[in-house]
Every structure is written in C-alpha cells, then in structure tokens.
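To start, the structure itself, in structure tokens.
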Amino acid sequence: VQLQASGGGLVQAGGSLRLSCAASGSTFKIQTMGWYRQAPGKERELVADITGGGSTGYADSARGRFTISLDNAKNTVYLQMNSLTPEDTAVYYCRLQGYYYTRDSPVVFGSWGQGTQVTVSL
C-alpha cells in the first residue's frame with residue numbers, strides 16, 4: 001500500500017491549508033488514518049487521527065483549529081487546517097493502519113506517506 005500526501009505549502013499566519021493523503025495498492029480496510037508532524041529538532045507528533053468508522057482524535061494544539069475527515073470510498077484522509085500559526089510549521093506525514101484478510105486470518109499493517117512541508121510565516 002502506498003500513501004501519497006499533498007496540499008502543503010507556504011501560508012501566512014491566520015491562513016488555511018488543506019492536506020490530502022490517498023492510499024492505493026492492494027485491497028484493504030482502514031482501521032485508522034492519521035496526520036503526524038515533525039518540526040526541525042523535534043520528535044514526530046500526532047496531530048489528528050480518524051478511524052474507519054469516523055471517530056476522531058486531536059492533539060491539544062490542533063483541537064478547534066484542525067479538522068480531520070475520511071473518504072472511505074477514495075481511501076483518502078484530509079486535514080483542514082485553519083488559523084495557522086508559525087508553530088504549525090513542520091513536515092506533515094500521513095499514516096495508515098489497515099488490515100486485509102488472508103485465507104487464515106486478518107493481517108494488520110502500517111504505512112507512512114512521504115511527508116508534505118507546511119510553512120507558516122508571520
């Protein structure tokens with residue numbers, strides 16, 4: 001399974017961006033898709049995630065400003081980011097945790113996207 005992230009860019013503080021991440025490849029079901037970010041010199045952190053059933057979770061820094069959504073038919077997760085601040089500057093990565101069935105049992109797997117740069121200027 002491959003993940004293709006897009007939508008990053010340069011935006012002024014207070015602006016908005018919408019990230020997209022499409023999963024493609026073998027037949028699978030989505031357990032969870034999420035967005036993480038990594039700023040220079042910092043560890044990668046969870047921003048938001050969503051289950052295949054639509055339950056969402058947000059980091060405190062994202063709650064109220066970011067909205068994660070999932071299009072199951074397109075295997076695509078979105079992150080709408082509003083009221084951006086310079087502290088949101090980072091490389092944003094999408095992650096998929098999915099599963100597929102073999103003849104004997106389900107197999108769970110995880111995949112990361114390639115990352116998309118988000119830069120917020122003053």
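Worth knowing before you read on, the calculation uses all heavy atoms, side chains too, and leaves out hydrogens, waters and symmetry mates. These figures come from a predicted structure and were not determined experimentally. Residues take their numbers from the sequence shown, with the count starting at 1.
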Checklist outcome for this item: For Arg37 and Ala90, the nearest pair of non-hydrogen atoms, with its separation, is CB-CB, 3.8 Å
Next on the checklist: Between Val1 and Leu70, is there shared hydrophobic-cluster membership here, with clusters defined by ILVMFWY side-chain heavy atoms closer than 4.5 Å?
Outcome noted: yes
Checklist entry - Side-chain heavy atoms under 4.5 angstrom apart, residues restricted to Ile, Leu, Val, Met, Phe, Trp, Tyr: same cluster for Val77 and Tyr36? => result no
Checklist entry - Do you know the tightest heavy-atom contact between Ala23 and Leu96? => result CB-CD2, 4.1 Å
Item to check | Point-to-point distance, once rounded to the nearest 0.5 Å, from CG of Leu10 to OG of Ser121 | outcome: 5.0 Å
Next on the checklist: Would you say that Val120 contacts Gln12 through its side chain, given a criterion of any heavy-atom pair below 4.5 Å between the two side chains?
Outcome noted: no
Checklist entry - With a 4.5 Å heavy-atom cut-off, do Glu87 and Ser61 have their side chains touching? => result no
Checklist entry - So how far is it from Asn72 CG to Met33 CE, rounded to the nearest 0.5 Å? => result 9.5 Å
Next on the checklist: Show me the pairs that pass ring-ring contact (aromatic ring centres under 6.0 Å, His included) and involve residues 55-90, at least two apart or across chains.
Outcome noted: none
Next on the checklist: Looking at every heavy atom in both Arg95 and Gln97, which two are closest together, and how far apart are they?
Outcome noted: NH1-OE1, 3.5 Å
Checklist entry - Less than 4.5 Å apart, any side-chain heavy atom of Gln4 and any of Gln114? => result yes
Checklist entry - Does a donor on one side chain sit under 3.5 Å from an acceptor on the other, for Gln117 and Thr119? => result yes
Item to check | Shortest non-hydrogen separation from Gly8 to Leu19 and the atoms involved | outcome: N-CD2, 3.5 Å
Checklist entry - Under a single-linkage definition using a 4.5 Å side-chain heavy-atom cutoff for Ile, Leu, Val, Met, Phe, Trp and Tyr, are Val11 and Leu79 assigned to the same hydrophobic cluster? => result yes
Checklist entry - What about Leu3 and Val107, same hydrophobic cluster or not, with Ile/Leu/Val/Met/Phe/Trp/Tyr joined at side-chain heavy-atom distances under 4.5 Å? => result yes
Checklist entry - Who are the ring pair (Phe, Tyr, Trp, His ring centres under 6.0 Å) partners of Tyr93, not counting sequence neighbours? => result none
Checklist entry - Do Thr32 and Asp49 have a side chain donor and acceptor closer than 3.5 Å? => result no
Item to check | Derivation of the side chain to side chain contact (heavy atoms under 4.5 Å, CB included) call for Val91 and Thr116 | outcome: CA-CA 5 Å; Val91 178; Thr116 184; over 6 Å; no
Next on the checklist: Walk me through whether Arg65 and Thr85 qualify under side chain to side chain contact (heavy atoms under 4.5 Å, CB included).
Outcome noted: CA-CA 10 Å; Arg65 299 187 300 129; Thr85 74; 4.2 Å; yes
Next on the checklist: Can you tell me how far apart CG (Leu84) and OG1 (Thr89) are? Round to the nearest 0.5 Å.
Outcome noted: 8.5 Å
Next on the checklist: Quick one, Gln38 and Tyr92 - any side-chain contact, counting heavy atoms below 4.5 Å?
Outcome noted: no
Checklist entry - Do Tyr101 and Thr27 have side chains that get closer than 4.5 Å, going by heavy atoms? => result no
Checklist entry - When hydrophobic residues are tied together by side-chain contacts of less than 4.5 Å, even through go-betweens, does Ile30 share a cluster with Tyr99? => result no
Next on the checklist: Evaluate Met81 against Asp88 for side chain to side chain contact (heavy atoms under 4.5 Å, CB included), listing each step before the verdict.
Outcome noted: CA-CA 9 Å; Met81 304 186 293; Asp88 295 314; over 6 Å; no
